[in-house]
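See below for the structure under consideration.
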Number of protein chains: 2
Amino acid sequence: MGISERKERQKAELREHILHVARDMVMKEGFDALSMRKLAEAVEYAPATLYLHFENRDAIARELCVRGFQELLAVLEPAAAVADPVERLSRLTEAYLAFGLKQPETYRLIFMEDPRLSAALFQDQQDGAGPKSFAVLLRVFEDLEAAGRTPDAIPPARLAEVFWAGLHGIVSLKLTCSGFTGAPAEVLGQTLVATLLRPPALRAKPARRPR
Amino acid sequence: MGISERKERQKAELREHILHVARDMVMKEGFDALSMRKLAEAVEYAPATLYLHFENRDAIARELCVRGFQELLAVLEPAAAVADPVERLSRLTEAYLAFGLKQPETYRLIFMEDPRLSAALFQDQQDGAGPKSFAVLLRVFEDLEAAGRTPDAIPPARLAEVFWAGLHGIVSLKLTCSGFTGAPAEVLGQTLVATLLRPPALRAKPARRPR
DNA sequence: AGCAATAAATGAACACCGTTCACAGAACGG
DNA sequence: CCGTTCTGTGAACGGTGTTCATTTATTGCT
C-alpha cells in the first residue's frame, strides 16, 4: 500500500518546504518579519493551511531554532576535532564568532529571542543538543587542565561556562549594540582565549613542540 | 505669563506619567506586551493622544531604553567609586549582574532588543551614556595595569571590552537560555574577574601598598 | 462677555497580525 | 458508486500600530 506512504511523504515535504521558506524569511528580514500570512502567501497556501502542519507560529520558530543550533554545531565540528586543546580552543572561538556574525538573525533566534524557543535545546539534560555541545567545550578545558594550561583552582566546567558566556557576549553585543565600536570580534575572541589560558610552563619539558 | 508655563509643565507631566506607566508594563509583562492601546487604556486617554507626546511606539521604547541604562549606571556608581581597582572590579561585576538578573525586562530592552533602541546610547561618541560608562570600565583596567595586575601585552581597552562582553554574556545567557544551569551568575562573575587578573607579584617590591 | 484662534483630545478608519472553525473539495477504501 | 477521511480554505474574531478629519476645550483679544 504505497499510496498512503506517498501522501505521508508529500506531507513531510510540504512541511519541509514551509520551514525552508520560513528560514529564508527569517534570515532575510529577521524573526519579527516572519508572519503566518506572508509565509502562507510565499508557499502559496491559505494561512489556515499552515496550522495543519504546525501548531502555531511558535512551533515554527522552535523548529527553526533547533535547526539553527544544529547549523552552529556543524560549523563547530571541524574545530572540535582538533587534537591540540589550545589550537582547538582558538578554532572553536573563531568558528563560533564567524557563525554569529554571518548569520545574525539565526543567532538571534537561537540565543536572544524568547527563552521558550531555546528551552527545547536544553531541557533534555542528557541527550539534548545544548548539553551535548556544552560537552565539547567542557572537554577542551579538561584537556587544557591536563596539559597544565588552565588557571589554578578553577574547575574546567566553570571555565567552559565563562568561555561560552564570553563568546556569546561578544557576538550579541556586536549584534545589538552596533555602537560597541571596539576591536573586531576576532580580536576580542583571541583576547578571551588568552585570558583563559595560563602561559605554558617555561622550563618544563617543551610540550613536545605544540604544532 | 505663567499660564503657558503651566500648560507646558502639565504636558511634560503627562509625558512623564505615560513613560512611568509604560515602564511598569514593560517590567511586569515584558516589552512585547507594551501595546499603545493598552498603554492608552492604562493612562485613560485615547490611543491617538499618545501620538501627541511620542512619535510612535519606538520613541517610547527608546526613551525607556536610555532611562533603563541610566538606572544601570546609577547601580554601578558606588562600585565605580571604590579606590582599589581589584575590589572595584569585583564590585562592578556584582552590581552589573545583580541589575541584569533583578530587572530582566529592563536589561532585555536595553541590550537585547532592537539595535535601533540602544543606538541612541552609543551614537554620541563623546558625550553619550554608553561611551561614558565604558570609560568607567576602561579606568579600572588602566588602574589595574598600573598596579601590574593585568595580563601582559593586552591593552586595557581590550580587556575592558572582553570584560563587558563577559558580563553581558553571563546575564543574557541566564535570561534567555534558562537551561544554562551551571554555576550561579555571581560565581561566574568572580571567575571572569579571576581570569582577567594576573596574580599579584609575590616577591617583587610590594607595589607600594596599593591603597 | 463674546468671538476668533489655538491647542488638546478623540472616534473612526486602514492595514496589518495570529488563530479558529464551519465548510467545500478531493482522494481514498470498501 | 458510496461513505469516509483527509486536505484545504474563506470568513471571521480580537488584537496590533498608526493616521486624520473632526470635535471639544482652552486661551488671548477686542
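Proteins come first, then strands; the chains are lettered A, B, ... in the order of their sequence lines, and each starts at number 1.
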Nearest-nucleotide pick for [X], side chain only, options being [options]:
X     : options                : value
B/L52 : D/dG8, C/dT10, D/dT18  : C/dT10
A/P47 : D/dT16, C/dT19, D/dT9  : C/dT19
A/R57 : C/dG18, D/dT9, D/dT18  : C/dG18
B/T49 : C/dT19, D/dT9, C/dA9   : C/dA9
B/S35 : D/dT16, D/dG10, D/dA12 : D/dT16
B/K38 : D/dG8, D/dT16, C/dC17  : D/dT16
A/A46 : D/dG10, C/dT19, D/dT18 : D/dG10

What is the distance, rounded to the nearest whole Å, between atom [atom1] of [X] and atom [atom2] of [N]?
X     : N      : atom1 : atom2 : answer
A/D32 : C/dG18 : CG    : P     : 11 Å
B/E55 : D/dT18 : CD    : P     : 9 Å
A/L39 : C/dG18 : CG    : P     : 9 Å
B/Y51 : D/dT22 : OH    : C1'   : 19 Å
B/L14 : C/dA7  : CG    : P     : 17 Å
A/R37 : D/dA12 : CZ    : P     : 13 Å
B/N56 : D/dT18 : CG    : P     : 5 Å
B/F31 : D/dT16 : CZ    : P     : 14 Å

Assign B/L34 to base, sugar-phosphate, or nothing according to its heavy-atom contacts below 4.0 angstrom with the strands shown.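 Sugar-phosphate, no base atom in range.
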
What is the nucleic acid contact for A/Y45, judged by heavy atoms within less than 4.0 Å: base, sugar-phosphate only, or nothing?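 The answer is sugar-phosphate, as A/Y45 gets under 4.0 Å only of primed atoms, P, OP1 or OP2.
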
Below 30° counts as parallel, above 60° as perpendicular, anything between as tilted: where do the rings of A/F111 and A/F69 land?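 Rings of A/F111 and A/F69: perpendicular, over 60°.
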
Could you tell me whether the side chains of B/Q190 and B/S90 share a donor-acceptor contact shorter than 3.5 Å?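 Result is yes, a qualifying pair exists.
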
Nearest heavy-atom pair of B/I60 and B/M36: which atoms, and what distance?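 Between these two residues, the closest heavy atoms are CD1-SD, 4.0 Å.
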
Reading DNA chain C from 5' onward, which residue's closest nucleotide shows up sooner: B/L50 or A/A33?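 Its nearest nucleotide lies further toward 5', so the answer is B/L50.
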
Hey, which sits more toward the 5' end of DNA chain C by its nearest nucleotide, B/K11 or B/A48?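 On the 5' side of the pair lies B/K11.
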
Going by heavy atoms in the side chains, are B/C65 and B/L121 under 4.5 Å from each other?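 In short, these two side chains touch, coming nearer than 4.5 Å.
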
So, do A/R108 and A/E105 sit near enough that their side-chain heavy atoms are less than 4.5 Å apart?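 Result yes, sub-4.5 Å side-chain heavy-atom pair found.
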
